S.K.: 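Below you'll find the structure I mean.
Both counts, for ligands and for their atoms, begin at 1 and track the order of listing. Fair warning: this is a prediction, and the values are worked out from it, not measured in the lab. One-based numbering along the sequence shown.
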Amino acid sequence: MAATPPRPRVLVAYASKHGHTRLVAERIVAVLRRHSLVAEPVDLGERGANPWPPDYAAVVVAASVHGSRHQKSVVSWARGHATTLGLRPSAFVSVSLTAADDTDEARSATRELIDELADETGWTPDVTLAVAGALQYREYDLPTRVLMRLIARQHGILTDTARDIVFTDWPAVERFAADVAATVAGQPGGVREAPGAGAR
Ligand SMILES: Cc1cc2nc3c(=O)[nH]c(=O)nc-3n(C[C@H](O)[C@H](O)[C@H](O)COP(=O)(O)O)c2cc1C
């Protein structure tokens with residue numbers, strides 16, 4: 001009797017300052033698991049976290065934006081693994097408040113941040129998603145709460161700082177994860193040939 005092939009493993013690597021990108025990563029993991037994949041979340045912000053892309057059929061990376069930059073831990077990990085990331089299906093999810101603005105200006109700002117990550121790391125993900133994040137007042141210290149309330153006001157959001165506000169389009173996150181699952185299912189083994197590998 002033929003042995004059942006192992007289920008493809010998908011890495012979901014993320015960094016999250018106040019926990020919202022962790023929730024996004026967990027939602028992606030849940031969808032991938034529903035599609036019978038072995039999805040492994042890894043918090044790149046944890047000391048010593050350094051997952052190895054060749055162990056996986058595909059990789060999803062998620063990071064949030066703070067001070068107009070994605071997390072350093074994600075940038076340095078992706079830079080260190082740019083070559084092997086490029087050899088398998090890969091996706092990048094950028095979580096920010098800018099992505100909550102439904103304007104061309106905001107869309108181009110999030111696009112620029114994602115392009116910047118590719119320039120900084122040398123890794124160009126196959127697919128990207130800009131996800132609207134959250135105002136997590138309950139997680140902030142006082143100065144951050146005051147700052148974020150001010151920024152929210154500038155965006156026309158009058159907020160009660162006693163409550164968090166989530167802007168995330170969860171069905172869009174789930175559709176994105178389902179597309180990743182479909183890509184992995186359509187590419188047995190996941191891994192592509194390295195450039196020049198076939199030219200022996
Ligand atoms: C101190 C601070 C700075 C932020 N800077 C930006 C920014 O420059 N651009 C932006 O679009 N969102 C910015 N945000 C919003 C975050 O990206 C958003 O709250 C996101 O949901 C945070 O996810 P995390 O909890 O996973 O870090 C900032 C949030 C905080 C608290």
S.K.: Quick check: do Leu23 and Arg27 have side-chain heavy atoms less than 4.5 Å from each other?
M.R.: no
S.K.: Should Gly19 be counted as touching ligand 1, given the test is an N or O pair under 3.5 Å?
M.R.: yes
S.K.: Should you measure from each heavy atom of Ser68, which atoms of ligand 1 turn up under 4.0 Å away?
M.R.: 7 (C), 8 (O)
S.K.: What are the atoms of ligand 1, with element, lying closer than 4.0 Å to any heavy atom of Gly133?
M.R.: 21 (O)
S.K.: Donor-acceptor check, side chain of Asp164 to backbone of Arg138, threshold 3.5 angstrom: yes or no?
M.R.: yes
S.K.: Are any of the N or O atoms of Ala15 closer than 3.5 Å to those of ligand 1?
M.R.: no
S.K.: Within the 4.0 Å heavy-atom shell around Met148, which atoms of ligand 1 are there?
M.R.: 2 (C), 28 (C), 29 (C), 30 (C), 31 (C)
S.K.: Could you check atom 2 (C) of ligand 1 against the protein and tell me its nearest heavy-atom contact, residue, atom and distance included?
M.R.: His66 ND1, 3.5 Å
S.K.: Could you say whether the N/O atoms of Leu135 and ligand 1 ever approach to under 3.5 Å?
M.R.: no
S.K.: Write out the residue and atom name of the closest protein heavy atom to atom 18 (C) of ligand 1, then the distance separating them to 0.1 Å.
M.R.: Ala134 O, 3.6 Å
S.K.: Are side-chain heavy atoms of Asp102 and Arg107 found at a separation under 4.5 Å?
M.R.: yes
S.K.: Under 3.5 Å, is there a donor-acceptor pair between the side chain of Ser64 and the main chain of Ser96?
M.R.: no
S.K.: So is there a nitrogen or oxygen of Gly67 less than 3.5 Å from a nitrogen or oxygen in ligand 1?
M.R.: yes
S.K.: Look only at the side chain of Arg88 and the backbone of Pro53, and say whether a donor-acceptor pair between them is shorter than 3.5 Å.
M.R.: yes
S.K.: Between Tyr140 and His18, how do the two ring planes meet: parallel, tilted or perpendicular, split at 30° and 60°?
M.R.: perpendicular
S.K.: Which of the numbered atoms in ligand 1 are under 4.0 angstrom from any heavy atom belonging to Thr21?
M.R.: 23 (O), 24 (P), 26 (O)
S.K.: Among all protein heavy atoms, pick the one closest to atom 23 (O) of ligand 1 and tell me residue, atom and distance.
M.R.: Ser64 CB, 3.4 Å
S.K.: List ligand 1 atoms under 4.0 Å from Thr98, heavy atoms only on the residue side.
M.R.: 9 (N), 10 (C), 11 (O)
S.K.: Considering the heavy atoms of Gln136, write down every atom of ligand 1 situated less than 4.0 Å from one of them.
M.R.: 19 (O), 21 (O), 22 (C), 25 (O)
S.K.: Tell me which part of Ser96 gets within contact of ligand 1: side chain, backbone, both or neither, using heavy atoms under 4.0 Å.
M.R.: both
S.K.: Check whether any side-chain heavy atom of Arg111 lies under 4.5 Å from a side-chain heavy atom of Thr128, and answer yes or no.
M.R.: yes
S.K.: Can you sort out which atoms of ligand 1 are near Tyr140, meaning under 4.0 Å from one of its heavy atoms?
M.R.: 19 (O), 31 (C)
S.K.: For Leu117 and Trp123, which heavy atoms make the closest approach, and how far apart are they?
M.R.: CD2-CZ3, 4.0 Å
S.K.: Would you mind listing which atoms of ligand 1 come within a distance below 4.0 Å of any non-hydrogen atom of Val95?
M.R.: 17 (O), 21 (O)
S.K.: Starting from atom 14 (N) of ligand 1, which protein heavy atom do you reach first, and at what distance in Å?
M.R.: Val65 O, 3.3 Å
S.K.: Taking all heavy atoms of Arg7 and all of Ser36, pick out the closest pair and write down the distance.
M.R.: CD-O, 3.1 Å
S.K.: Transitively linked via ILVMFWY side-chain contacts under 4.5 Å: Val127 with Val60?
M.R.: yes
S.K.: For atom 15 (C) of ligand 1, grab the closest protein heavy atom and report residue, atom and distance to one decimal in Å.
M.R.: Leu97 CG, 3.5 Å
S.K.: Do the ring planes of His81 and Trp77 sit parallel (below 30°), tilted (30 to 60°) or perpendicular (above 60°)?
M.R.: tilted
